[in-house]
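See structure below.
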Amino acid sequence: MAAPDRPLVQVLSPRTWGEFGNYLAATRFSRALRSAIDAEVTLLEAEPILPWIGEAGAEIRTISLESPDAVVRNQRYMALMDRLQTRFPEGFEADPTAAQRADLEPLARHLRESAPDVVVGTKGFVARLCVAAVRLAGTSTRVVSHVTNPGLLQLPLHRSRYPDLTLVGFPRAKEHLLATAGGDPERVQVVGPLVAQHDLRDFMTSGTAVSEAGPWGGDSGPDRPRVIVFSNRGGDTYPELVRRLADHHPDIDLVFVGYGDPELARRTAAVGRPHWRFHSVLGQTEYFDYIRRASRSRYGLLVSKAGPNTTLEAAYFGIPVLMLESGLPMEQWVPGLIHEEGLGHACATPEELFRTADDWLTRPSVIEVHKKAAVSFAASVLDQDAVTARIKAALQPLLDAR
């Protein structure tokens with residue numbers, strides 16, 4: 001138990017909303033706080049406190065897995081967001097209805113009993129719920145909204161003027177939030193984006209590879225393309241990509257990760273090459289060996305869906321990206337970032353992904369150009385010590401005023 005004079009900070013994050021990226025971002029943020037401020041920092045899952053958050057997360061998972069294409073995925077996801085927005089409309093935080101108070105009572109009880117000085121929501125919606133729950137609990141807890149993905153601010157569900165502090169990664173996110181939700185500009189601080197770095201170890205637990213060949217088939221030197229294909233609920237697009245690469249570019253080095261899907265990994269291994277590697281889970285040492293080797297190659301490349309955390313993580317390590325747009329509205333800003341900064345290419349369709357991969361591996365000098373851009377972007381934008389220092393500077397006044 002923390003000493004009475006140490007501030008208590010709780011980071012509240014849904015694990016099921018976005019699965020890989022969101023809770024990973026919350027983990028990284030919690031560790032940044034522990035390194036920056038003198039406080040007891042605890043990371044908590046939202047679902048045990050508010051089970052209906054998990055029910056919505058399960059629906060998000062179904063939408064991601066079962067939608068036939070990006071258009072349908074977008075429609076289904078927006079329908080869910082609209083239902084939640086109707087249930088918790090703009091401004092509800094200031095005066096919750098009886099039904100909303102009933103929905104929030106478990107969270108209010110948690111805050112009343114644990115009495116944190118600061119609670120951080122890593123989704124704007126969670127921060128909104130915390131604002132209302134603090135009012136119901138009658139505590140002096142200050143509420144911080146940490147925007148892990150600026151694309152979420154396109155959705156009214158995640159926008160609010162009421163948190164005591166909102167942390168965003170990019171200036172445009174602050175401008176958009178103030179233009180759409182209003183509020184005090186001093187309570188919205190641009191701190192820069194955090195990337196997971198080695199904190200990926202919490203999500204890549206030890207597992208057995210389908211193929212037993214050595215990583216990348218041995219240390220093949222900087223001129224051999226090294227491709228990481230990461231499929232997180234990616235369907236059949238990525239196995240088909242691997243099949244085409246096996247037919248047309250058999251000499252590259254490739255590792256495929258079908259995250260949490262052993263059957264997908266086995267099925268993809270069947271169409272790959274013997275010296276390639278196929279996983280559904282990875283040990284941290286092996287994963288970072290792949291990352292390290294890919295970054296050392298002039299032609300290292302990550303292929304995945306256009307998620308913000310995956311894109312920033314790749315850029316941090318100096319690896320260009322070839323991404324497939326997901327159709328999810330909170331990720332629609334990512335292709336613009338990729339193209340504006342030269343980090344790689346985002347494709348609207350699987351066929352564009354297949355065609356671009358073939359073109360790049362036929363002319364790998366294109367990959368090298370994007371690698372130089374990624375290294376430059378990482379140096380100027382992704383300095384994690386500077387980001388952590390800005391987070392401390394923004395949060396410290398709330399702790400000092402307790």
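The figures that follow rest on heavy atoms only: side chains count, while hydrogens, waters and symmetry mates do not. The chain is numbered in sequence order, starting from 1.
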Dump the intermediate steps for salt bridge (Lys or Arg N to Asp or Glu O under 4.0 Å) on Arg363 and Asp359, then the final yes or no. CA-CA 6 Å; Arg363 300 183 301 117; Asp359 177 54; 2.9 Å; yes
Looking at [Y] and [X], is any side-chain nitrogen of the basic one under 4.0 Å from a carboxylate oxygen of the acidic one?
X      : Y      : answer
Arg109 : Glu105 : yes
Arg172 : Glu340 : yes
Asp247 : Arg244 : no
Asp289 : Arg293 : yes
Asp38  : Arg6   : yes
Glu59  : Arg83  : yes
Arg355 : Glu352 : no

Inter-residue atom distance [X].[atom1] - [Y].[atom2], 0.5 Å rounding:
X      : Y      : atom1 : atom2 : answer
Arg31  : Leu194 : CZ    : CG    : 12.5 Å
His279 : Leu264 : NE2   : CG    : 13.5 Å
Phe377 : Leu312 : CZ    : CG    : 5.5 Å
Leu254 : Leu301 : CG    : CG    : 9.5 Å
Phe92  : Ser160 : CZ    : OG    : 8.0 Å
Thr311 : Leu343 : OG1   : CG    : 7.5 Å

Could you tell me whether the side chain of [X] and the main chain of [Y] form a donor-acceptor pair under 3.5 Å?
X      : Y      : result
His275 : Ile252 : yes
Ser67  : Ser64  : no
Arg128 : Pro163 : no
His345 : His339 : no
Lys371 : Ser295 : yes
Gln384 : Pro193 : yes
Glu93  : Ala132 : no
Arg187 : Tyr162 : yes
Arg28  : Val195 : yes
Asp164 : Val143 : yes

Is there side-chain contact between [X] and [Y], with heavy atoms separated by less than 4.5 Å?
X      : Y      : result
Leu241 : Thr237 : no
Ile49  : Leu12  : yes
Leu153 : Val147 : yes
Pro89  : Gln100 : yes
Phe170 : Val381 : yes
Leu245 : Arg273 : no
Phe256 : Tyr238 : yes
Glu331 : Lys305 : yes

Partner set under ring pair (Phe, Tyr, Trp, His ring centres under 6.0 Å) for His176, not counting sequence neighbours: none
Is the count of non-hydrogen atoms from other residues, nucleotides or ligands lying under 6.0 Å from Glu45 atom CD greater than 12? yes
Test log, rule side chain to side chain contact (heavy atoms under 4.5 Å, CB included), inputs Asp261 and Ser231: CA-CA 9 Å; Asp261 193 338; Ser231 175; over 6 Å; no
Step by step, work out the side chain to side chain contact (heavy atoms under 4.5 Å, CB included) result for Val227 and Leu361. CA-CA 10 Å; Val227 181; Leu361 292 170; 4.2 Å; yes
Tell me, with the steps shown, if Glu313 and Asn309 meet side-chain hydrogen bond (donor to acceptor under 3.5 Å, both in side chains). CA-CA 6 Å; Glu313 182 75 22; Asn309 294 313; over 6 Å; no
Going through the checks in order, is the side chain to side chain contact (heavy atoms under 4.5 Å, CB included) test met by Phe29 and Leu167? CA-CA 11 Å; Phe29 180 74; Leu167 304 176; 4.0 Å; yes
What are the two closest heavy atoms between [X] and [Y], and how far apart are they?
X      : Y      : answer
Pro350 : Leu324 : N-CD1, 3.8 Å
Phe230 : Ser304 : O-OG, 3.1 Å
Ala173 : Val168 : CB-CB, 3.9 Å
Ala294 : Ile319 : CB-CD1, 4.0 Å
Leu111 : Thr139 : O-CG2, 4.1 Å
Val41  : Ser30  : CG1-O, 3.9 Å

Between [X] and [Y], do the side chains contain an N or O donor and an N or O acceptor separated by less than 3.5 Å?
X      : Y      : answer
Ser13  : Thr122 : yes
Arg159 : Thr180 : yes
Glu47  : Thr16  : yes

Does Trp52 have Arg87 sitting over its ring (NZ/CZ under 6.0 Å from centre, angle to axis within 45°)? yes
Using the six-membered ring wherever Trp is involved, compare the ring planes of Trp17 and His158 and label them parallel, tilted or perpendicular (cut-offs 30° and 60°). perpendicular
Start with the C-alpha gap between Leu129 and Val131, add the side-chain angles, then the distance that decides, and say whether side chain to side chain contact (heavy atoms under 4.5 Å, CB included) holds. CA-CA 5 Å; Leu129 298 177; Val131 170; over 6 Å; no
Those residues at least two apart in sequence (or on a different chain) that pass salt bridge (charged side-chain N to carboxylate O under 4.0 Å, His left out) with Glu263 are Arg266
